[in-house]
2 protein chains.
Amino acid sequence: MSIDRSKIRWNGWGWSAHEDRLAGQEEVWSWLASELGMPALLATPARPLESIVLAPSRLTVEDRARFVQILGAERVRDDQYERAFHARGRSYHDLLHLRAGDLSTAPDAVLFPRSTDDVVATLAAAIEGRIAVVPYGGGTSVVGGVTGHRGTFKTVVSMDLSGMDRVIELDAQSMTATVEAGITGPGLEKALAANGFTLGHHPQSFEFSTLGGWIAHRGAGQGSNRYGRADDWLVGAKLATPRGVLRTGGFPASSSGPRLNDLVLGSEGIFGIITEATVRLHPLPAASDYRGYLFRDFADGIATLHDAAHSEIAVTMLRLSDPVETKFYRAFGALGKKRGVADRVAQFYLDTRGYDDKACALIAGFEGDSAAVAAARVQFDALAKKHGALALGEGQGRRWKEGRFHGPYLRDPMLDRGVGVDTLETATSWSRLETLYVAVRETLEGAIRENAPRAGARGVVTCHVSHSYRDGASLYFTYIFPRALDGEIEQWRTIKKAASDAIVANGGTISHHHGIGEDHLPWMAAEKGSLGIDVLRAVKMALDPNGILNPGKLIPD
Amino acid sequence: MSIDRSKIRWNGWGWSAHEDRLAGQEEVWSWLASELGMPALLATPARPLESIVLAPSRLTVEDRARFVQILGAERVRDDQYERAFHARGRSYHDLLHLRAGDLSTAPDAVLFPRSTDDVVATLAAAIEGRIAVVPYGGGTSVVGGVTGHRGTFKTVVSMDLSGMDRVIELDAQSMTATVEAGITGPGLEKALAANGFTLGHHPQSFEFSTLGGWIAHRGAGQGSNRYGRADDWLVGAKLATPRGVLRTGGFPASSSGPRLNDLVLGSEGIFGIITEATVRLHPLPAASDYRGYLFRDFADGIATLHDAAHSEIAVTMLRLSDPVETKFYRAFGALGKKRGVADRVAQFYLDTRGYDDKACALIAGFEGDSAAVAAARVQFDALAKKHGALALGEGQGRRWKEGRFHGPYLRDPMLDRGVGVDTLETATSWSRLETLYVAVRETLEGAIRENAPRAGARGVVTCHVSHSYRDGASLYFTYIFPRALDGEIEQWRTIKKAASDAIVANGGTISHHHGIGEDHLPWMAAEKGSLGIDVLRAVKMALDPNGILNPGKLIPD
């Protein structure tokens with residue numbers, strides 16, 4: 001297997017060995033407590049795995065033998081760690097369950113296929129045994145996409161694709177690669193870089209998430225302006241379904257009826273298991289330039305994104321923080337550092353120029369050949385300054401890039417201190433963007449206040465625009481709040497529902513790049529229409545008539 | 001209605017008033033005869049409509065009254081002209097039927113709805129009357145997409161969307177427009193230009209084809225490198241199905257499961273009738289630069305396209321003719337013109353530099369703001385010259401652009417002279433492109449020879465690459481051949497089958513931008529797989545359970 005599951009946290013984010021820089025910094029925690037309107041933060045450690053008794057596996061001896069016959073004994077696992085590890089994804093909601101020791105969704109076994117044939121044979125065995133199958137890539141879903149639900153079946157297994165991580169073919173002339181779906185971000189990029197190529201797909205989960213997962217939830221990486229979303233870079237897919245293998249796409253473009261790639265993209269494991277994909281590559285960029293800007297307010301920043309999207313400027317990434325996010329991360333970064341004369345002079349300069357507490361930071365990224373990067377940077381610089389931006393230089397960009405995958409690691413120490421932190425994201429047209437932003441922000445702030453553990457407690461709601469398009473942009477909210485320890489799942493659900501209702505009511509999509517899973521299920525009908533849901537049900541019935549695949553996700557059963 | 005059907009040819013291409021410049025030029029015809037290895041070309045005039053007796057309409061009095069009640073008497077037409085006009089699309093195969101007076105596929109009536117409500121009500125009435133409905137936009141299909149087949153029903157009506165051509169909303173900030181689907185290319189571009197915008201979708205059928213048709217067959221315009229294919233510019237669609245209205249998309253991007261836009265794109269009227277669409281716009285380009293280049297051979301030209309697709313150069317269009325097309329159009333254009341000293345000097349210059357009969361012409365187009373166009377042109381110029389290109393200047397580009405919609409008009413005079421002319425197109429990866437090109441060319445040449453009306457007769461097979469992508473490119477073949485007048489439909493079918501088999505066998509898609517219709521139906525299973533066809537059938541069943549929509553198209557009944 002490409003990735004050693006035992007070195008990853010089963011109930012938190014990422015490498016177990018990752019150093020927690022915040023844990024000991026009491027100054028940080030007292031500052032955060034005051035930001036949240038709390039007198040103090042309580043210690044709320046996670047329950048250790050050793051103290052949790054898992055329900056015995058329901059897998060019958062016959063079914064187990066059948067899986068072992070197909071995969072080998074090593075690849076049918078039902079030890080406590082593997083079952084716990086595969087019980088859920090890694091959303092805030094998931095972690096509440098896992099940290100509390102609720103492993104009711106732990107699969108009865110975890111299967112590790114090594115080929116499409118393995119997957120097809122395993123699915124046939126699952127049908128025979130009437131066993132639900134939950135496809136599992138990196139397990140980094142933050143929408144309940146891999147929760148081990150049994151649906152109407154007695155038994156459920158997790159199908160972990162991490163043993164399928166080979167590059168099958170690299171077509172340098174066509175700049176495409178055909179790769180097994182279980183490969184992780186680093187594994188894929190390393191193999192491609194050795195040949196001078198990159199896919200350029202860098203979601204925040206990059207270290208652990210897989211090619212198959214990116215396709216299954218129709219994801220977007222941080223540099224999608226240049227490298228495209230999964231929708232853009234997928235040439236073709238191999239989907240192992242209970243009715244056999246479906247190969248989709250395979251052409252640079254086609255008008256041969258509906259594009260079946262688009263039923264694989266976003267299918268979240270309910271139609272089949274993605275075992276291979278052919279993807280469009282880029283040459284490794286010769287130049288890369290990331291830098292920071294500061295705007296006087298959010299509107300100036302958004303106007304810049306809007307104009308850039310309608311220009312010919314070749315940007316790789318534009319990431320604009322709202323005033324709260326800008327202020328919060330600046331304060332967070334300054335904690336524990338002594339403010340010197342230079343800092344005070346800089347602050348004075350900013351204040352007198354009008355970059356006060358409404359100011360917004362933007363990180364702009366440019367990749368490609370040196371001339372193109374230089375040209376784009378100059379053009380963008382002029383545009384940003386037209387909208388009143390102050391250029392902050394490359395230091396900001398470098399720091400952002402170095403820390404681009406570290407955000408999720410901050411969550412676990414917060415969860416240890418009674419603090420909740422969740423994210424949600426959406427996208428809408430430029431003309432609706434501000435209304436949607438205000439509505440979701442106010443809804444989140446209100447819902448957090450109303451569901452806080454004590455009067456006067458409040459949340460910190462930050463937002464950034466991370467993806468912009470010709471016709472609109474995404475909004476990414478992070479909300480940090482004091483947990484109501486006597487009913488934290490209900491608290492989460494109430495806040496989530498309020499925000500999701502506000503998204504739908506204001507013309508936003510229920511997800512821009514996280515997916516649906518089980519968490520967004522209640523809003524799918526509003527987005528797709530009842531007829532649209534009927535269509536998805538019909539596709540499900542055509543490919544998985546027994547309904548064994550990933551019960552309870554994407555569409556109502 | 002936006003377009004007066006009585007001014008368009010019912011059995012040929014385009015405006016009836018279009019001047020036929022070739023008809024009288026006997027020199028052209030004797031040259032063409034010798035190119036085709038024929039001693040002479042025979043006069044093969046089309047049968048006039050007055051001499052054709054149409055089968056009486058099978059529409060019952062009750063059903064007719066029901067349609068009249070919904071649409072008004074003016075909008076339910078069963079006169080001979082309308083029925084003949086809507087009998088078929090405008091492929092070579094269609095014209096063989098129409099010109100011979102075979103109107104067996106004429107619909108029993110033609111309906112002209114004016115709103116989505118009209119369409120929904122009409123579909124309900126059709127279900128009640130058990131009447132097949134063939135959606136009809138501009139009727140320019142070249143794959144049998146609008147043939148008036150009844151399927152298993154007794155009656156068939158054509159649903160002509162030309163009465164639905166309004167721009168409903170223009171969102172300048174988001175650069176999108178919501179438009180009724182029956183609008184034609186010129187109607188749409190005129191309305192958008194008045195507001196400073198363009199969709200930039202210019203297929204060769206632009207004068208007559210419609211927004212709905214472009215989406216329904218998943219088309220691509222000539223400038224798709226800049227403006228995108230229908231796949232790229234469609235934000236959302238309104239699809240009137242027999243089970244009600246399905247709205248798809250509507251967001252700049254989303255990860256909310258499979259993208260249902262992609263079931264509308266390429267649906268060819270079998271799932272529902274596209275009544276409205278929201279599309280992504282561009283500002284009207286400030287600058288436009290089209291110019292010609294000449295390469296020593298096809299491989300040099302293809303290498304240039306390949307390198308351009310992998311570069312950062314912002315091209316709008318690159319269109320490379322193979323040696324036969326280059327030579328044929330040069331000879332065609334030179335006919336009737338006196339060769340002066342300058343021409344002979346130019347020819348001598350070309351010959352000595354190695355641009356002989358293997359030479360290939362390329363038209364490169366650049367649109368956008370002035371600086372971007374200038375930069376792209378300079379970059380492309382350098383790239384082309386690196387591959388040995390000779391710059392031919394703007395005259396070539398201007399002439400191509402002026403004549404960009406005129407090609408199809410040349411077909412009717414050829415059909416009047418016993419000459420057949422058809423086109424087919426495909427796309428594949430760069431690494432397979434040359435093999436596919438050679439295979440299809442040789443197959444077409446062989447099939448034409450083997451099915452020629454006399455020994456020694458042969459075809460002219462020309463090809464160009466009109467669309468290039470990061471991972472591959474399209475091939476567009478035009479083949480001109482002497483008709484076997486005693487079995488011309490069988491001759492066409494034999495040649496078409498041979499070429500299509502060669503396409504599929506060599507990794508090409510059965511259609512890059514023409515669509516499937518009935519002509520490409522036999523190759524759909526090879527491209528989509530039997531499971532893929534099952535999926536499409538399931539979607540059909542979910543939206544059109546009675547199967548009234550466009551029988552015999554896209555998927556086997």
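Chain identifiers are assigned alphabetically (A, B, ...) following the order of the sequence lines, protein sequences preceding nucleic acid strands; residue numbering begins at 1 within each chain. The structure displayed is predicted, hence computed values, not measured ones. All heavy atoms count here, side chains included; hydrogens, waters and symmetry mates do not.
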* Asked: Applying a criterion of heavy atom separation less than 4.5 Å, what residues of residues 247-256 of chain B form contacts with chain A?
  -> B:Arg247, B:Phe251, B:Pro252, B:Ala253, B:Ser254, B:Ser255, B:Ser256
By a 4.5 Å heavy-atom criterion (distance strictly below it), what part of [X] contacts chain B: side chain, backbone, both, or neither?
| X | answer |
| --- | --- |
| A:Val143 | neither |
| A:Asp369 | both |
| A:Ala375 | neither |
| A:Ala427 | both |
| A:Leu543 | side chain |

* Asked: What part of B:Ala473 is in contact with chain A, defined as an atom under 4.5 angstrom from a non-hydrogen atom: side chain, backbone, both or neither?
  -> backbone
* To do: Heavy-atom distances under 4.5 Å only: say whether B:Ile516 touches chain A with side chain, backbone, both or neither.
  => both
* **From CG (A:Leu246) to CG (B:Leu531), nearest 0.5 Å** => 5.0 Å
* **Sidechain-backbone polar pair: B:Arg470 side chain, A:Leu281 backbone, donor-acceptor under 3.5 Å** => yes
* Run the side chain to side chain contact (heavy atoms under 4.5 Å, CB included) check on B:Leu263 and A:Leu263 step by step: do they pass? -> CA-CA 9 Å; B:Leu263 289 175; A:Leu263 289 176; 4.2 Å; yes
* Of all of A:Ser530, A:Ala230, A:Gly257, A:Gly219, which one pairs up most often with chain B through heavy atoms under 4.5 Å apart? -> A:Gly257
* For chain B, find which of A:Val264, A:Ile270, A:Val535 contributes the most heavy-atom pairs closer than 4.5 angstrom. => A:Val535
* Before giving the answer on side chain to side chain contact (heavy atoms under 4.5 Å, CB included), spell out for B:Arg259 and A:Leu265 the whole-Å C-alpha distance, their side-chain angles and the decisive distance to 0.1 Å. => CA-CA 8 Å; B:Arg259 192 169 73 160; A:Leu265 287 154; over 6 Å; no
Among [options], which residue has the highest count of heavy-atom pairs closer than 4.5 Å to chain A?
| options | result |
| --- | --- |
| B:Ala538, B:Ala542, B:Ser511 | B:Ser511 |
| B:Met541, B:His217, B:Arg432, B:Arg229 | B:Arg229 |
| B:Lys528, B:His467, B:Gln379, B:His306 | B:Lys528 |
| B:Ser267, B:Ser224, B:Ala216, B:Gly508 | B:Gly508 |
| B:His513, B:Glu425, B:Arg280 | B:Arg280 |
| B:Gly529, B:Gly472, B:Ser431 | B:Ser431 |

* Asked: Can you find a heavy atom in the side chain of B:Gln173 that is under 4.5 Å from one in the side chain of A:His310?
  -> no
* Give the C-alpha distance, both sets of side-chain angles, the deciding distance and a yes or no for side chain to side chain contact (heavy atoms under 4.5 Å, CB included) between A:Leu260 and B:Leu536. => CA-CA 9 Å; A:Leu260 299 182; B:Leu536 295 177; 4.0 Å; yes
* Do B:Asp471 and A:Ser174 have side-chain atoms, one donor and one acceptor, less than 3.5 Å apart? -> no
